[in-house]
> 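Below is one structure. I have some questions about it.
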Amino acid sequence: MSKHSIIPYAFAALLAAITACNTSGDKEYPPAEIAEVHSTLRDFSSSDSTTRNAIIQAQHIELAAFLKAVGDGEPTVETVGTRAMSPASTVFIPLVDSVFPDISPLRQTLGDILGRAADIGLSIPKRRYATVVYGRPQSILFVDSTMLIALNHYLGEEFPGYSHLPAYIRATKNASMLPADIAEALVATAYPYNAPAGTSAIARLIYEGALAHTKMALTGTAAAPETALGYDISQYQWLEQNETSLWRTLVEKQLLYDTSEGTTDRLVAPSPATSILGHGTPGRAGRFIGWKIVESYLRRNPATPADSLLSPAFYTSPSALRQSGYNPRP
């Protein structure tokens with residue numbers, strides 16, 4: 001597929017995801033402020049010295065975070081100018097500009113996520129936000145008080161530059177994943193998994209389920225959970241159809257109360273498949289089961305605050321699974 005055939009698809013995917021996020025409720029939220037550092041680099045060389053100094057002053061915090069991430073030192077006319085001419089900038093910025101000609105929808109999506117988080121009682125630290133391009137593997141990176149959103153990670157899974165990546169990773173490179181990725185990064189950073197060494201795998205499954213539930217609440221994707229869970233529709237349907245057998249395998253193999261980190265990682269870490277649960281099981285199937293447990297718990301306890309679901313007191317509790325009443329049947 002050519003670059004030009006990828007571009008309309010990726011931008012349409014972003015708009016569809018943002019539309020879903022923005023129309024999930026009646027309340028309107030103000031857009032968030034996002035510094036377009038990638039655009040700053042694009043225009044830097046053609047700007048006069050007065051403009052360059054003004055840009056560095058206006059975006060000093062965001063530029064400092066970005067340059068720290070790529071190892072280029074503090075923001076000066078020289079360091080920003082050098083980064084503007086780097087291979088990553090010259091290759092990716094034109095592509096990003098084609099796929100994301102306007103980041104106003106992204107500003108609105110971030111504003112919606114932050115507004116909903118506040119409404120449901122989550123404490124998300126106040127940050128700066130910036131769109132960037134770089135060669136690092138992280139699509140979203142926190143540096144000091146700034147969230148860097150690397151748009152070159154969302155050019156569409158058919159983008160030739162991703163061809164060396166495994167298929168399960170390429171599938172996450174679509175613009176439609178941006179809202180869910182941003183929501184997860186914000187929530188997981190504010191409420192990281194925090195359990196003592198030797199904690200049973202069930203605690204991590206429930207935490208992952210609570211994180212997925214929260215992502216859906218913040219992005220308005222509860223009606224289409226496959227996106228928040230990171231699956232395509234066929235993978236999600238397979239998990240739904242095989243939920244009972246997956247649960248039976250977890251119980252019969254005594255995986256729920258296995259305390260080894262290796263077992264937990266095999267259940268919830270990104271991967272092409274969750275082979276520990278059987279051939280053909282999509283990756284991160286433990287997160288899917290954890291989400292089902294959390295949804296079952298919330299049907300019985302609908303007034304549970306969002307921050308309680310993300311608390312160790314909940315997901316490490318020996319009674320959490322019992323109180324959920326989760327027990328899928330054929």
> Let's go through F100 and T131 carefully: what are the C-alpha distance in whole Å and the side-chain angles of both, what is the deciding distance for side chain to side chain contact (heavy atoms under 4.5 Å, CB included) to 0.1 Å, and is it a yes or a no?
CA-CA 11 Å; F100 301 95; T131 54; over 6 Å; no

> Tell me, do H213 and W291 make a side-chain contact under 4.5 Å, heavy atoms counted?
yes

> Would you tabulate the side-chain donor-acceptor contacts of residues 276-283 under 3.5 Å, counting partners in other chains and residues two or more places apart, or write 'none'?
unit_1, atom_1, unit_2, atom_2, d
T281, OG1, G278, O, 2.9

> Cut-off 3.5 Å, no hydrogens considered: what does the side-chain donor-acceptor table look like for residues 64-74, sequence neighbours left out?
unit_1, atom_1, unit_2, atom_2, d
K68, NZ, D144, OD1, 3.2
K68, NZ, D144, OD2, 3.4
D72, OD2, R83, NE, 2.8
D72, OD2, R83, NH2, 3.0

> At what distance, to the nearest 0.5 angstrom, does CH2 of W238 lie from CZ of F288?
9.5 Å

> For H153 and T172, indicate whether the former's side chain and the latter's backbone hold a donor-acceptor pair under 3.5 Å.
no

> Quick one, Q235 and L229 - any side-chain contact, counting heavy atoms below 4.5 Å?
no

> Are I34 and I55 connected in the hydrophobic side-chain network, where two residues link if heavy atoms are under 4.5 Å apart?
no

> Using modelled atom types only, decide if a donor and an acceptor are shared between the side chain of N152 and the backbone of Y134 within a distance under 3.5 Å.
yes

> Is the cationic atom of R116 (NZ for Lys, CZ for Arg) positioned less than 6.0 Å from the six-membered ring centroid of Y29 and within 45 degrees of its normal?
no

> Treating T189 as the side-chain partner and A185 as the backbone partner, does any N or O pair qualify as donor plus acceptor under 3.5 Å?
yes

> Considering all heavy atoms of both residues, which atom of S123 and which atom of Y191 are nearest to each other, and what is their separation?
N-OH, 2.8 Å

> Measuring from atom CE of M147 to atom CD1 of I182, what distance do you get when rounded to the nearest 0.5 angstrom?
6.0 Å

> Atom CG of D181 and atom CD1 of I149: how far apart are they, to the nearest 0.5 Å?
10.0 Å

> Give the C-alpha distance, both sets of side-chain angles, the deciding distance and a yes or no for side chain to side chain contact (heavy atoms under 4.5 Å, CB included) between L186 and L110.
CA-CA 10 Å; L186 289 169; L110 179 55; 4.1 Å; yes

> Kindly say whether I202 contributes a backbone atom to a donor-acceptor pair with the side chain of S200 at under 3.5 angstrom?
no

> Is it possible for you to say whether L41 and M85 belong to one hydrophobic cluster, with membership spreading through side-chain heavy-atom contacts below 4.5 Å?
no

> Specify the closest pair of heavy atoms between V294 and G209, including all atoms of both residues, with the distance to one decimal.
CG2-C, 3.7 Å

> Looking at OG1 of T51 and CD1 of I56, how far apart are the two atoms once the value is rounded to the nearest 0.5 Å?
11.0 Å

> For R299 and E295, what are the C-alpha separation, side-chain angles and deciding distance, and is it a salt bridge (charged side-chain N to carboxylate O under 4.0 Å, His left out)?
CA-CA 6 Å; R299 283 192 291 272; E295 293 300 307; 5.2 Å; no

> Of all the heavy-atom pairs spanning A228 and A212, show the shortest one and how long it is.
CB-O, 4.4 Å

> Side chains of W247 and E243: is there a donor and an acceptor less than 3.5 Å apart?
no

> Side chains of D258 and T264: does their closest heavy-atom pair fall under 4.5 Å?
no

> Does any N or O in the side chain of T109 come within less than 3.5 Å of the main-chain N or O of L106, such that one atom is a donor and the other an acceptor?
no

> Decide if atom CD of Q138 counts as having more than 12 heavy atoms of other residues, nucleotides or ligands within a radius under 6.0 Å.
yes

> Please determine whether side chain to side chain contact (heavy atoms under 4.5 Å, CB included) holds for the pair Q59 and V37, giving the CA-CA distance in whole Å, both sets of side-chain angles, and the decisive distance to 0.1 Å.
CA-CA 8 Å; Q59 295 185 355; V37 169; 4.0 Å; yes

> Do N194 and T316 make a side-chain contact, defined as non-hydrogen atoms from C-beta onward lying under 4.5 Å apart?
no

> Check whether any side-chain heavy atom of V99 sits under 4.5 Å from a side-chain heavy atom of L151, and report yes or no.
no

> If you take all heavy atoms of A84 and T90, which pair is closest and at what distance?
O-CG2, 4.0 Å

> Calculate, to the nearest 0.5 Å, the distance between atoms CZ and OG1 belonging to R52 and T50 respectively.
10.5 Å

> Between E261 and R204, is the closest basic N to carboxylate O distance under 4.0 Å?
no

> Treating Ile, Leu, Val, Met, Phe, Trp and Tyr as nodes and any side-chain heavy-atom pair under 4.5 angstrom as an edge, say whether I61 and F142 lie in one connected cluster.
no

> Would you find a donor on one side and an acceptor on the other, under 3.5 Å apart, between the side chain of K215 and the backbone of E184?
no

> State whether a side-chain donor-acceptor pair under 3.5 Å links Q108 with D112.
yes

> Minimum heavy-atom separation for E62 and A35, please, with both atom names.
CG-CB, 3.7 Å

> Which heavy atom of P125 sits nearest to which heavy atom of A190, and what is that distance?
CD-CB, 4.0 Å

> Flag the pair F314 / Y297 as yes when their ring centroid distance falls below 6.0 Å, and as no otherwise.
yes

> Using the ring centroid of each side chain, check whether Y315 and Y207 are separated by less than 6.0 Å.
yes

> Might you work through the side chain to side chain contact (heavy atoms under 4.5 Å, CB included) test for K173 and L165, ending with a clear yes or no?
CA-CA 10 Å; K173 296 295 184 180; L165 298 172; 3.9 Å; yes

> Give, for atom OG1 of T263 and atom CD of Q254, the distance between the pair rounded to the nearest 0.5 Å.
11.5 Å

> Determine whether a donor-acceptor pair (N or O, by modelled atom type, separation under 3.5 Å) exists between the side chain of Y326 and the backbone of I289.
no

> Quick check: are there more than 12 heavy atoms from other residues, nucleotides or ligands sitting under 6.0 Å from CZ of R170?
yes

> For the pair S86 (side chain) and T82 (backbone), establish whether a donor and an acceptor sit closer than 3.5 Å, ignoring hydrogens and angles.
no

> Between D232 and S234, do the side chains contain a donor N or O and an acceptor N or O under 3.5 Å apart?
yes

> Any side-chain donor-acceptor pair under 3.5 Å between D43 and S46?
no

> Do any N or O atoms from the side chain of R284 and from the backbone of V268 form a donor-acceptor pair under 3.5 angstrom?
yes

> Below 4.5 Å, heavy atoms only, C-beta onward: do L205 and L256 meet side chain to side chain?
yes

> Counting only N and O atoms by type, is there a donor-acceptor contact under 3.5 Å from the side chain of T214 to the main-chain atoms of A210?
yes

